[in-house]
Amino acid sequence: MLLSDALARTSLNRTVEFHSLADVLDPEIIQACLVSNGVATVRRRKLPMEAMVWAVIGMALFRGDSVRQLINKLDIVLPQEVDSVVRSAVTQARKKLGSEVVRDIFRQTSVNWHAQAQHPNWGGLNLYGVDGVVWRTPDSPQNAEAFARTANKSKEAAYPQVRMVCLMELSSHLLVDSAFDSVAVNEMHLAARLLASVPDKSLTLFDKGFYSLGLLHAWQQGQQRHWLLPMRKGTQYEVIRSLGRQDKLVRLTTSPQARKKWPGLPETLEARLLSKTVKGKLVHVLTSLTDAMAYPGRDIVDLYAHRWEIELGYREMKQHLLDSRFTLRSQLPELIRQELWGVLLAYNLIRYKMILMAHSLPATYPNQLSFREASSYIIFKLTQLPGVAPGNLPSAVFAPEKQAKQFKLEGKRERSYPRVLKASKNTYPVRKKNAVHLK
């Protein structure tokens with residue numbers, strides 16, 4: 001049974017209910033991306049390229065299986081020619097497929113799914129988040145040459161690593177786009193690669209580490225594209241006028257180096273500085289939402305708490321989808337890139353399914369459903385498909401109205417243990433106070 005055929009048996013009738021993964025991921029998109037990258041299958045092969053796309057997705061959905069086991073188990077071969085596929089054939093097929101095909105499929109489906117999702121908004125703006133994450137690759141010579149290793153004073157990391165920055169819609173956790181490279185590449189350089197994907201009528205929440213006036217100015221070029229981030233300590237500004245209590249319009253001066261790096265960056269930028277006491281601590285945020293009438297200041301500071309949603313999304317990918325297997329599979333850099341685009345595509349597939357599921361419940365957002373439970377349910381049912389009679393498949397696989405309720409979270413818990421800076425390990429043993437020593 002082809003993986004796409006197996007997933008296609010999970011379909012239901014109504015739009016607000018689950019459709020099959022194959023229905024959501026249009027085969028025409030796969031074929032168009034194969035043709036545009038010059039890797040379409042002309043003649044029938046043991047491992048046709050259309051099937052290899054589903055195999056790459058399956059690498060994320062079925063993390064416990066090797067790629068060869070996955071392909072053989074799901075019969076992604078032409079059965080009249082061969083019963084199984086050897087490891088070398090799988091590697092050659094993945095090399096032929098490459099990473100750009102999977103990347104293009106991810107981006108095209110992302111555009112389609114966001115257009116159909118009908119995200120909730122604040123003040124007419126959809127909320128997005130940008131943040132970075134690091135992935136660990138196998139320590140092969142090729143990966144070590146392509147990807148750097150992080151290091152501290154005492155030692156270097158054991159594995160080459162990839163740094164990734166994603167743009168995510170925060171109410172659904174649906175990814176818009178991603179950029180990744182060696183861990184040696186700065187997050188702000190990766191964020192700049194996402195500029196072409198920034199949606200209009202949007203508010204993007206950044207971590208304070210992304211403070212760059214050149215990046216922020218470029219980010220807001222478009223139709224109502226706004227940003228919000230905490231003010232970095234020591235930031236110099238000039239107050240233009242007060243808009244209210246703890247609400248000021250300020251002028252920020254750009255550096256000559258920034259203007260050289262970012263052509264078109266003016267000498268000064270106007271921004272809005274808002275302050276609020278949160279849990280006894282005074283918090284300052286900067287934003288491009290300078291219209292005080294359209295965007296009330298009392299609500300803007302509270303919006304920043306939603307940035308944590310992208311951190312939860314990364315946890316869903318690494319811990320739940322990939323089952324805490326933090327080292328990627330592939331031994332070659334190009335296949336690492338292909339694998340990562342496959343992880344992002346598989347994550348978006350499940351997240352879009354959860355959007356459709358949330359639509360079947362009143363007043364429910366997709367991020368109010370448990371990703372762990374929903375993804376485990378979907379993947380578990382897919383593994384059972386070969387043993388289920390065809391006539392029982394629809395009822396056996398999905399019952400959206402019933403299943404959506406059981407995946408709904410009761411309420412989001414606040415962090416019990418706030419982040420703290422861990423003390424570095426001492427090279428030498430430390431004598432404990434009141435320690436008992438034997439003579």
Side-chain angles (χ1 to χ4, degrees), residues 56-57 59-61 63 99 102-103 106-107 110 127-139 143 146-152 157-170 172-195 197-198 204-212 215 219 227 229-230 304-330 333 335-351 367 371-372 375 415 419 421-422:
V56 172
I57 296 171
M59 288 169 58
L61 294 177
R63 184 62 172 168
S99 64
V102 188
R103 179 202 64 192
F106 167 82
R107 287 177 171 167
S110 174
L127 295 183
Y128 296 86
V130 166
D131 206 355
V133 66
V134 172
W135 299 86
R136 192 167 67 190
T137 76
D139 189 15
N143 287 341
F147 307 119
R149 305 169 192 254
T150 56
N152 53 34
Y159 296 89
Q161 295 173 317
V162 175
R163 191 183 305 282
M164 174 186 286
V165 172
C166 290
L167 175 61
M168 174 187 285
E169 200 283 326
L170 298 179
S172 65
H173 291 196
L174 197 63
L175 297 168
V176 177
D177 202 357
S178 178
F180 48 85
D181 209 321
S182 168
V183 74
V185 178
N186 187 277
E187 285 185 340
M188 282 188 284
H189 290 121
L190 295 176
R193 300 181 192 178
L194 302 176
L195 286 168
S197 302
V198 181
T204 304
L205 311 182
F206 290 94
D207 182 78
K208 63 182 177 182
F210 287 88
Y211 182 83
S212 163
L215 174 65
W219 202 271
W227 49 264
L229 81 170
Y304 188 73
H306 293 282
R307 194 201 67 83
W308 188 252
E309 295 292 337
I310 192 170
E311 301 277 6
L312 296 178
Y314 287 145
R315 185 181 71 176
E316 291 166 353
M317 277 186 261
K318 283 193 166 186
Q319 295 185 15
H320 305 331
L321 184 62
L322 301 187
D323 198 23
S324 295
R325 290 176 169 88
F326 298 126
T327 304
L328 300 171
R329 303 171 184 252
S330 307
L335 300 188
I336 284 287
R337 299 181 186 97
Q338 179 192 85
E339 184 178 349
L340 284 173
W341 285 118
V343 169
L344 299 177
L345 179 55
Y347 179 76
N348 260 12
L349 275 167
I350 293 178
R351 267 294 166 190
N367 63 354
F371 180 85
R372 177 193 290 272
S375 61
R415 291 173 59 86
R419 286 180 170 178
L421 182 63
K422 292 184 178 180

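- For R325, the CZ atom counts as densely surrounded, since its 6.0 Å shell holds more than 12 non-hydrogen atoms of other residues, nucleotides or ligands.
- Evaluated for a side-chain contact (heavy atoms from CB on, under 4.5 Å) with R107, the options L175, D177, V102 yield exactly one hit, D177.
- Nearest heavy atoms, R149 versus A158: NH1-O, 2.8 Å.
- Rounding to the nearest 0.5 Å places CG of L174 at 12.0 Å from CD1 of I350.
- In this structure, C166 and S178 approach most closely via the heavy-atom pair SG-OG, 3.4 Å.
- Side-chain atoms of S182 come within 3.5 Å of backbone N or O of A148 as a donor-acceptor pair.
- Taking CE of M164 as the start and CG of L344 as the end, the distance is 4.5 Å to the nearest 0.5 Å.
- With hydrogens and angles ignored, the 3.5 Å screen pairs no side-chain donor or acceptor of T137 with any backbone N or O of S330.
- Smallest separation of non-hydrogen atoms from R163 and V185: NE-O, 2.9 Å.
- The shortest heavy-atom contact between V176 and S110 is O-OG, 3.0 Å.
- Between F371 and Y347, the ring centre distance stays below 6.0 Å.
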Check the pair H189 / D181 against side-chain contact (heavy atoms from CB on, under 4.5 Å), numbers first and verdict last. CA-CA 10 Å; H189 290 121; D181 209 321; over 6 Å; no
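- Classified by interplanar angle (parallel below 30°, tilted 30° to 60°, perpendicular above 60°), the ring pair F206/W219 is perpendicular.
- For the pair R63 and E339, the salt-bridge criterion is met [side-chain N within less than 4.0 Å of a carboxylate O].
- The CE atom of M59 sits 6.5 Å away from the CD atom of Q338 when rounded to the nearest 0.5 Å.
- Taking all atoms of both residues into account, the shortest heavy-atom contact from G132 to V165 is CA-CG2, 4.1 Å.
- When all heavy atoms of S375 and R372 are compared, the pair lying nearest together is OG-O, 3.3 Å.
- Not one N or O on the side chain of R307 forms a donor-acceptor pair closer than 3.5 Å with the backbone of L205.
- One finds the CG atom of L340 at 12.5 Å from the CG atom of L345 (value rounded to the nearest 0.5 Å).
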Is there a side-chain contact (heavy atoms from CB on, under 4.5 Å) between M188 and F210? Walk through the geometry before answering. CA-CA 6 Å; M188 282 188 284; F210 287 88; 4.1 Å; yes
Check the pair Y128 / I310 against side-chain contact (heavy atoms from CB on, under 4.5 Å), numbers first and verdict last. CA-CA 9 Å; Y128 296 86; I310 192 170; over 6 Å; no
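- Residues D207 and Y304 are in side-chain contact: their nearest non-hydrogen atoms beyond the backbone lie under 4.5 Å apart.
- How far CZ of R136 is from CG of N143: 13.0 Å, rounded to the nearest 0.5 Å.
- If you take CE on M317 and CG on N348, they are separated by 8.5 Å, rounding to the nearest 0.5 Å.
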Could you go through W135 and I336, starting from their C-alpha distance and side-chain angles, then the distance that decides it, and tell me whether this counts as side-chain contact (heavy atoms from CB on, under 4.5 Å)? CA-CA 10 Å; W135 299 86; I336 284 287; over 6 Å; no
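- Remark: side-chain polar atoms of T204 are not paired, donor with acceptor, to backbone N or O of W227 under 3.5 angstrom.
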